[in-house]
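Read the structure below first, then the notes.
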Amino acid sequence: MRTPSVILERFKEHFGTGASVYRAPGRVNLIGEHTDYNEGFVLPAAIDFFCWVAVGSRNDDKIVFYSENFQEGAEAELGDLWSQRKGTWADYPLGVAWALKEAGHKPNAASVYILGEVPLGSGLSSSAALEVAVGYALQHTSHHGIDRTALSLTCQRAENEFVGARCGIMDQFVSCYGRAGCALLIDCRSLKYEALRVPPEIRLVVCNTMVKHEHSDGEYNARRSQCEEGVRRLAAVLPGIQALRDVTCEQLEENRARLTDVVYRRCRHIVSENHRVLRMVERLKSGDILGISRLMRQSHQSLRNDFEVSCPELDLMVEIASAKPGVYGARMTGGGFGGCTINLVEASKAKAFLESVGAEYESKTGLRPEIYICEASQGAQAMDPKQETIRSAAVR
Ligand code: GLA
């Protein structure tokens with residue numbers, strides 16, 4: 001087991017001076033997929049995989065990053081960040097520095113050492129963890145004290161404009177506001193949220209299919225455009241609507257003829273998924289385990305058939321998991337086209353689940369999955385270097 005002093009040592013080796021340590025978590029989404037950019041509801045939890053950063057001050061006007069994961073550095077003058085876009089991992093932290101500056105919170109010159117534990121490209125928001133860890137650290141060391149909502153919006157802006165990925169607000173928001181032991185119901189329009197305790201008898205088990213299909217970013221942006229087209233066409237007859245959040249199932253059915261089949265199905269996923277999130281919250285509060293399982297199954301089917309963001313590996317992982325004892329629900333999580341599934345598993349069965357799902361998936365695909373039993377965790381924070389531990393590795 002390593003401790004944050006590890007990252008401090010690496011910082012020293014690399015930059016030679018003292019530093020402060022911060023971290024921000026990745027996330028897993030229990031339900032509410034692709035609803036965030038439709039101003040709807042999501043129910044993610046921050047997980048105990050973090051991006052760690054050590055930050056020290058500098059005497060020039062530069063911001064200098066070093067990524068342990070990529071074994072590579074990147075730097076830019078604080079006065080000229082926009083022209084420094086590189087089309088690599090470095091655009092995430094550089095973009096955050098740029099977006100902080102754009103929002104009037106110019107960061108101080110700094111050296112930043114980055115160590116990410118969130119598996120890259122797995123759909124567990126390694127990029128949001130990186131953005132929020134860097135954003136939190138830079139605003140903290142520059143004494144700006146911006147609030148967490150502003151920080152999450154700033155990080156989203158960095159990803160939308162500087163990196164060029166049109167993500168919604170879910171990942172950055174939960175990385176900022178995550179609460180230990182809880183999932184967050186987030187209203188992505190008002191940005192109000194409620195922390196809901198994950199029942200203690202449930203474990204969040206994340207199964208990584210180990211595939212990421214090509215063109216997923218382009219497909220993500222295409223889904224977003226199709227949702228926007230749905231709103232434009234529906235607004236012609238439903239003038240009050242701003243987003244798919246405002247459309248009911250009945251309104252969608254009544255106006256089906258106004259939409260192409262593809263756009264209709266995209267809209268049907270969003271409208272029904274918003275309902276499922278709210279019903280899931282009721283079920284979690286009342287402990288209705290059977291109800292949870294049904295909602296997660298419906299969510300997966302809707303993502304597979306209507307939104308078309310699943311893939312054979314995700315479908316197989318869900319199918320294998322759903323047949324195991326002690327499983328309260330299984331579905332794909334995150335943007336899709338590979339990555340992970342989320343499984344709610346009875347605590348006493350989690351270990352056996354991990355072994356048997358892992359073995360079966362491997363025997364059917366030849367791919368060795370990583371399976372993590374996750375804790376719902378706290379959002380971005382400054383660390384006491386002596387206390388906390390760094391998660392060393394995946395469980396399987
Ligand atoms: C990605 C995006 C999020 C969200 C999910 C799908 O993780 O970053 O904003 O849209 O996909 O729910």
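One-based numbering along the sequence shown. All values below come from the heavy atoms of this structure, side chains included, with hydrogens, waters and symmetry mates left out. The structure presented is a predicted model; accordingly, all values stated were derived computationally and were not measured. Order of listing sets the numbers, starting from 1, for every ligand and every atom in it.
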Between [X] and [Y], is any side-chain donor less than 3.5 angstrom from a side-chain acceptor?
X: Trp98; Y: Glu161; answer: no
X: Tyr113; Y: Glu68; answer: yes
X: Gln251; Y: Asn255; answer: no

Listed partners of His269 passing ring-ring contact (aromatic ring centres under 6.0 Å, His included), at least two apart:
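By the ring-ring contact (aromatic ring centres under 6.0 Å, His included) rule, His269 matches Phe307.
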Tell me, please, whether Tyr264 has Arg256 positioned over its six-membered ring: NZ or CZ under 6.0 Å from the ring centre and within 45 degrees of its axis?
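Yes, cation above the ring, under 6.0 Å and within 45°.
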Ser302: which of Glu273, Arg276, Arg268 passes side chain to side chain donor-acceptor pair (under 3.5 Å)
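Going through the options one by one, the only one that passes is Arg276.
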Residue by residue, ordered by chain and number, which ones reach under 4.0 Å of ligand 1 with a heavy atom?
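Under the 4.0 Å cut-off, ligand 1 touches Arg27, Glu33, His34, Asp36, Tyr37, Cys167, Gly168, Met170, Asp171, Tyr220, Gly334, Gly335.
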